[in-house]
J.: 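Input: one structure, supplied below.
Every heavy atom of this structure was used, including side-chain atoms; hydrogens, water molecules and symmetry mates were not.
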Amino acid sequence: MKTYSNYIAGEWKDSIAGETREIINPATSEVVGKSSVSTAEDLNRAVQAASEAKFGWSQLAGAARGDYLYKVANIIEARLEEIAETMTREMGKTLPEAKGETARGVAILRYYAGEGMRKVGDVIPSSDSEALMFTKRVPLGVVGIITPWNFPVAIPIWKMAPALIYGNTVVIKPASETAITAAKVIDCFHEAGLPKGVVNMVTGSGSVIGDGMVNHRGIAGISFTGSDVVGKQIAMGAVERGAKFQLEMGGKNPVIIAEDADLDKAVEGTISGAFRSTGQKCTATSRVLVHRNIKQAFVDKLLTASQSIKIGNGLEDGVWMGPCSSESQMETVLSYIEKGKKEGAKLLFGGNRLRGSEFDQGFYVEPTIFDEVDSKMQIAQEEIFGPVIAVIPFDNLEEAFELANDTQFGLSASIYTENVGAMLKFIDRVDAGLVRINAETAGVELQAPFGGMKSSSSHSREQGEAAIEFYTSIKTVFVKG
Ligand SMILES: NC(=O)C1=CN([C@@H]2O[C@H](COP(=O)(O)OP(=O)(O)OC[C@H]3O[C@@H](n4cnc5c(N)ncnc54)[C@H](OP(=O)(O)O)[C@@H]3O)[C@@H](O)[C@H]2O)C=CC1
Ligand SMILES: O=C(O)CCC(=O)C(=O)O
């Protein structure tokens, strides 16, 4: 069985302590492979390599850095099947979704490769007519990237590609559960021949390597996607030592089904938003706010659609929903289902771990629908990160907007309606970074800003042109002859 090691200064290196961890396929409980469990000293070496590489990399022309990203994109494209299959084995997402995500990684790299040719500053008129004043964006230096398991290709790439194009060097700590997929992506950077030390990867536990990155004086900025709890710890650690930080955390994303909604489209968007990727997206639909007058008709259609979801090993043809990404993730989801029952929500559909021959070795949970949920219940307030939705009835749109905003999160929100006035009010009233009309809550486009309001993020935005804000600092330059 292969062990995947760290990537430091252009070489694959086992962790100093020699410890490894097995990565389990959540569909079968088979061991996919092993990855290094690293120590603080491994991290020091990676940061050292990134520090040594940063000046040379920052001095390359943006277009030259872009050429490297184009090469990486082509290599990932050539290895798409292999990378996608590894992703499905490690975290359970269906193979078509894993292929789509890997292709998205390729597109992100190409987008940011082009960014190397775009402007990095502005000329601003000085009050002194004999002076030239302008801004110049410069890299932060070494950037630390901490990523989750739910998008093990897209998220590392949407952080690394802008970091690199703007001249930073990178140390990445991927989620332990998907360290092999990460190693394969990093291998594509290796194959593209990036100068040594520009990209480094250290695998290991969040509390040692992740926390070590937050506290490492050699790392100028930290970009994190993951849980609310860890995100807040990272923010506090970064503030303490004056490091820049960027956080993308949870969501409790509502979809509003208005009285005039096209119910077939609304059901399709709800099912896809809530259950694709087994609900393990920060943009997943988890609260379904339905006008009372059409609730029964909507719920009937939702139940029919839910019954036809094919669950199984994501590598098999025709499977629409895979397992939870790990046993502990499954236990979390099941515990929320129990909470929902105890809180008095009406369990309409699902609610169980799936059992029976092919499911016994995996971590499968049925798509689950609770009805008559009260907004104060835990299942309506906390991120479950599984295939569970809470149906909450409302009587008028004002009430729906209030319910939509009645959570600490503000990542994505959508409405199904044919009424333009309702759409416009929704755009203004909803507290969410992604506002979607007649479309599911999930769905991110790489060329547009991505991020949330309230506790969902550090109020910065990733992707598209917005990424430059985090990965650069601005120098205001005043020149007088
Ligand atoms: N917003 C999103 O997209 C995501 C949200 N989540 C939410 O988080 C819940 C738990 O998932 P989980 O994977 O445990 O999420 P975590 O936030 O624990 O993990 C995300 C990343 O942070 C690392 N990490 C863990 N602890 C620390 C630490 N103290 N300091 C720095 N880095 C750390 C993890 O490493 P390691 O893998 O080694 O633990 C991983 O690389 C989910 O149920 C879901 O609600 C999870 C994933 C993505
Ligand atoms: O919906 C997407 O494509 C991305 C969502 C995301 O960033 C996440 O779940 O962490």
Side-chain angles (χ1 to χ4, degrees), residues 250-306 309 340 345 348-350 367-375 377 379-407 409-419 422-444 452-454 456:
K252 193 70 195 169
N253 311 298
V255 56
I256 296 177
I257 320 292
E259 197 176 2
D260 66 343
D262 177 325
L263 290 193
D264 291 319
K265 283 191 192 145
V267 166
E268 196 186 322
T270 303
I271 294 275
S272 178
F275 299 143
R276 276 231 180 259
S277 287
T278 321
Q280 300 169 133
K281 292 183 189 179
C282 56
T283 50
T285 305
S286 56
R287 294 180 298 143
V288 185
L289 317 178
V290 192
H291 196 285
R292 216 177 283 279
N293 291 351
I294 46 120
K295 200 187 85 168
Q296 197 53 51
F298 173 81
V299 163
D300 288 346
K301 284 176 186 280
L302 192 66
L303 288 177
T304 308
S306 302
I309 290 176
L348 270 190
F349 187 77
T368 298
I369 303 172
F370 279 106
D371 193 8
E372 299 299 334
V373 175
D374 184 285
S375 184
M377 292 178 184
I379 57 163
Q381 290 295 327
E382 293 174 18
E383 183 175 51
I384 300 177
F385 231 57
V388 181
I389 48 181
V391 175
I392 306 176
F394 68 83
D395 291 305
N396 58 60
L397 274 182
E398 284 304 312
E399 188 190 353
F401 297 154
E402 272 174 33
L403 286 167
N405 290 337
D406 182 24
T407 143
F409 298 111
L411 185 54
S412 181
S414 88
I415 188 168
Y416 281 84
T417 179
E418 303 291 306
N419 180 325
M423 294 174 191
L424 295 177
K425 270 193 199 147
F426 177 70
I427 295 167
D428 279 349
R429 294 282 303 279
V430 76
D431 298 331
L434 304 171
V435 180
R436 306 193 32 103
I437 316 288
N438 293 323
E440 64 176 86
T441 56
V444 169
M453 294 183 174
K454 301 196 278 188
S456 287

J.: If only side-chain N and O atoms count, and only distance matters, is there a donor-acceptor pair under 3.5 Å linking D260 with T417?
T.: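 D260 and T417 do have a side-chain donor-acceptor pair below 3.5 Å.
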J.: Determine whether I437 and I427 satisfy the following criterion, side-chain contact (heavy atoms from CB on, under 4.5 Å), listing intermediate values before the conclusion.
T.: CA-CA 9 Å; I437 316 288; I427 295 167; 4.0 Å; yes
J.: F401 vs F426 aromatic rings, parallel, tilted or perpendicular, using cut-offs 30° and 60°?
T.: tilted
J.: With D431, which of T407, D406, N405, L411 fulfils side chain to side chain contact (heavy atoms under 4.5 Å, CB included)?
T.: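 Between D431 and the candidates, side chain to side chain contact (heavy atoms under 4.5 Å, CB included) is satisfied uniquely by N405.
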J.: Provide the closest heavy-atom pair for G279 versus A284 in the form atom of the first, atom of the second, distance.
T.: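 Here G279 and A284 meet closest at O-CB, 3.7 Å.
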J.: How close do P393 and L403 get, heavy atom to heavy atom, and via which atoms?
T.: O-CD1, 4.0 Å
J.: Restricting to side chain to side chain donor-acceptor pair (under 3.5 Å), what partner residues turn up for E398, sequence neighbours left out?
T.: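 Once residues adjacent in sequence are excluded, the partners of E398 under the side chain to side chain donor-acceptor pair (under 3.5 Å) criterion are R429.
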J.: Are L424 and D428 side-chain neighbours, meaning at least one heavy-atom pair lies under 4.5 Å?
T.: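 Result no, sub-4.5 Å side-chain heavy-atom pair not found.
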J.: Is there a side-chain contact (heavy atoms from CB on, under 4.5 Å) between I257 and T270 once you walk through the steps?
T.: CA-CA 9 Å; I257 320 292; T270 303; 4.0 Å; yes
J.: Between A345 and F370, what is the shortest heavy-atom contact and its length?
T.: CB-CD2, 3.6 Å
J.: Side chains of I294 and L263, heavy atoms from C-beta outward: is any pair under 4.5 Å?
T.: yes
J.: How about F298 and V288: do any of their side-chain heavy atoms sit closer than 4.5 Å?
T.: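 Yes, their side chains come closer than 4.5 Å.
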J.: If you take all heavy atoms of T283 and G443, which pair is closest and at what distance?
T.: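 Here T283 and G443 meet closest at OG1-N, 4.3 Å.
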J.: Do D264 and K301 come close enough that some side-chain heavy atom pair is under 4.5 Å?
T.: yes
J.: Please give me the minimum heavy-atom distance between F275 and S306, naming the atom from each residue.
T.: CE1-OG, 4.0 Å
J.: For T441 and T285, which I'm curious about, is there any donor-acceptor pair between the side chains at under 3.5 Å?
T.: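 Indeed, the side chains of T441 and T285 share at least one donor-acceptor pair under 3.5 Å.
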J.: Specify the closest pair of heavy atoms between A380 and I392, including all atoms of both residues, with the distance to one decimal.
T.: CB-CD1, 4.2 Å
J.: Should we say atom NZ of K454 is surrounded by more than 12 heavy atoms from elsewhere, each under 6.0 Å from it?
T.: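 Counting neighbours around NZ of K454, more than 12 heavy atoms of other residues, nucleotides or ligands fall under 6.0 Å, so yes.
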J.: Under a 4.5 Å cut-off applied to non-hydrogen side-chain atoms, are E402 and S375 in contact?
T.: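 E402 vs S375: side chains apart.
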J.: How long is the straight-line distance from OG of S286 back to CD of E383, given to the nearest 0.5 Å?
T.: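 Spacing of CD (E383) from OG (S286) equals 7.5 Å.
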J.: Quick check against the 3.5 Å criterion: does S456 have a side-chain atom that pairs as donor or acceptor with the backbone of G410?
T.: yes
J.: Any side-chain heavy atom of Y416 sitting closer than 4.5 Å to one from D262?
T.: no
J.: Only pairs at least two apart or in different chains count here, so list each salt bridge (Lys or Arg N to Asp or Glu O under 4.0 Å) that has a residue in residues 276-299.
T.: R292-D395, K295-D371, K295-E372
J.: Any donor-acceptor pair under 3.5 Å linking the side chain of K252 with the backbone of E382?
T.: yes
J.: Is the CD atom of E268 crowded by more than 12 outside heavy atoms at less than 6.0 Å?
T.: no
J.: Roughly how far, to the nearest 0.5 Å, is the CG atom of L397 from the CD atom of E259?
T.: 9.0 Å
J.: So which of I389, T368, V391, I369 actually passes side chain to side chain contact (heavy atoms under 4.5 Å, CB included) with L348?
T.: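 Only match with L348 under side chain to side chain contact (heavy atoms under 4.5 Å, CB included): I369.
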J.: Look at the side chain of S412 and the backbone N and O of A442, then say whether any donor-acceptor pair between them is shorter than 3.5 Å.
T.: no
J.: Any side-chain heavy atom of V290 sitting closer than 4.5 Å to one from V299?
T.: no
J.: Tell me, with the steps shown, if I256 and F394 meet side-chain contact (heavy atoms from CB on, under 4.5 Å).
T.: CA-CA 9 Å; I256 296 177; F394 68 83; 3.8 Å; yes
